[in-house]
Amino acid sequence: MVGDILRPTKAEYYLEIAKAVCLRSPCLRRKFGAIVVREDAVVSSGYNGPARGVINCSEVGCIKDELDLPHYSSYDECPGVHAEENAILNAARHGANVLGGILYVLGQNANGSLTEAKPCNRCKRVIINAGIKEVVIKKSDGSIAKIDVSEWASEDTKRYLERMEEVRKTKKGK
């Protein structure tokens, strides 16, 4: 064999591209990058940040920091569109097909350390409806997780029905 070269796996390769994308995020707390790959080609990318033309936190500060709000909460306080959403929306803007694609997502804390890029419930719904078949993330410990999107629909249904039951019990108690 001519020269032993170490090649990254496809997942490692695409997650490195998502890492480069996340560096464009203007978020002061955490940066996320996402790419959609279809038939072994990158068809779209996105990072977390405000809608086009909306002021961003790097210009004026972060409301969630000011209020000392925890991560993965209070999404309505933030003007940001999530990286997963932006990757899918950017594909739509340019007529790229994401149906059957794989979404790769990577996140970094403000200090550059890894943070698990677990899609929120809102993003899960967008991913389901876009027809993405798999999501690949890098976890905080550096390991790679592959998620079958088809499982999310039943999880979302279960979560909704449980919440509906809680609400109905609360209403009966009043």
Side-chain angles (χ1 to χ4, degrees), residues 1 3-49 57-58 62 64-65 68-75 78 80-91 96-160 162:
M1 190 154 109
D4 284 335
I5 58 169
L6 223 60
R7 290 181 70 196
T9 66
K10 292 273 177 116
E12 292 166 336
Y13 168 70
Y14 288 127
L15 285 166
E16 280 298 312
I17 295 171
K19 179 180 180 180
V21 172
C22 90
L23 298 176
R24 285 285 304 148
S25 171
C27 182
L28 299 174
R29 300 177 111 205
R30 292 180 306 161
K31 299 175 182 300
F32 291 91
I35 63 167
V36 179
V37 174
R38 194 163 174 272
E39 298 176 4
D40 209 21
V42 177
V43 296
S44 186
S45 67
Y47 52 84
N48 59 315
C57 300
S58 65
C62 174
K64 289 172 76 169
D65 275 351
D68 198 29
L69 297 171
H71 295 303
Y72 294 108
S73 72
S74 307
Y75 294 122
C78 177
V81 178
H82 294 181
E84 303 95 322
E85 293 169 312
N86 271 327
I88 292 166
L89 291 167
N90 287 335
N97 185 355
V98 300
L99 188 62
I102 301 172
L103 183 71
Y104 292 85
V105 190
L106 184 131
Q108 290 186 336
N109 292 306
N111 66 6
S113 65
L114 283 174
T115 185
E116 188 165 321
K118 57 184 177 185
C120 70
N121 291 334
R122 181 179 80 198
C123 286
K124 286 178 181 180
R125 293 178 189 126
V126 170
I127 293 165
I128 291 167
N129 279 0
I132 302 286
K133 69 177 181 182
E134 184 177 59
V135 174
V136 179
I137 64 170
K138 188 165 262 193
K139 298 170 85 171
S140 299
D141 65 4
S143 65
I144 295 171
K146 295 181 178 186
I147 304 157
D148 182 349
V149 172
S150 67
E151 298 171 9
W152 286 345
S154 59
E155 289 173 10
D156 203 31
T157 297
K158 181 181 177 195
R159 189 172 33 258
Y160 184 80
E162 288 171 354

Do [X] and [Y] have side chains that approach each other closer than 4.5 Å (heavy atoms only, starting at C-beta)?
X: K138; Y: K19; value: no
X: N129; Y: R125; value: no
X: F32; Y: T115; value: yes
X: V136; Y: K146; value: yes

Specify the closest pair of heavy atoms between [X] and [Y], including all atoms of both residues, with the distance to one decimal.
X: G46; Y: A83; value: O-CB, 3.6 Å
X: V21; Y: Y47; value: O-CB, 3.6 Å
X: C22; Y: G33; value: CB-N, 3.1 Å
X: P119; Y: V135; value: CG-CG1, 4.3 Å
X: A91; Y: V98; value: CB-CG1, 3.5 Å

To the nearest 0.5 angstrom, please state how far the [atom1] atom of [X] sits from the [atom2] atom of [Y].
X: I35; Y: I17; atom1: CD1; atom2: CD1; result: 4.5 Å
X: S45; Y: N90; atom1: OG; atom2: CG; result: 6.0 Å
X: E84; Y: R122; atom1: CD; atom2: CZ; result: 9.0 Å
X: C120; Y: E85; atom1: SG; atom2: CD; result: 6.5 Å

Taking salt bridge (Lys or Arg N to Asp or Glu O under 4.0 Å) as the test, write out the residues that go with [X], two or more places apart.
X: K10; answer: D40
X: R29; answer: D65
X: D141; answer: none
X: R159; answer: D156

Residues forming a side chain to side chain contact (heavy atoms under 4.5 Å, CB included) with [X], sequence neighbours excluded:
X: S58; answer: P26, L28, N56
X: R38; answer: V43, N97
X: P8; answer: E12, Y13
X: D148; answer: S150, E151

Enumerate, atom names and distances included, each donor-acceptor pair closer than 3.5 Å involving a side-chain atom of residues 104-113, sequence neighbours excluded.
residue	atom	partner	partner atom	Å
N109	ND2	S113	OG	3.0
N109	ND2	L114	O	3.4
N111	OD1	S113	N	2.9
N111	OD1	S113	OG	2.7

Could you list all the ring pair (Phe, Tyr, Trp, His ring centres under 6.0 Å) pairs where at least one residue sits in residues 111-131, not counting sequence neighbours? none
Where at least one partner belongs to residues 123-152, residue pairs that pass ring pair (Phe, Tyr, Trp, His ring centres under 6.0 Å), sequence neighbours excluded: none
For the side chain of S140 and the backbone of E116, is there at least one donor-acceptor N/O pair under 3.5 Å apart? yes
Report yes or no: does K64 contribute a side-chain atom to a donor-acceptor pair with the main-chain N or O of S73 at less than 3.5 Å? yes
Set of residues satisfying side chain to side chain donor-acceptor pair (under 3.5 Å) with respect to S25, sequence neighbours excluded: N48
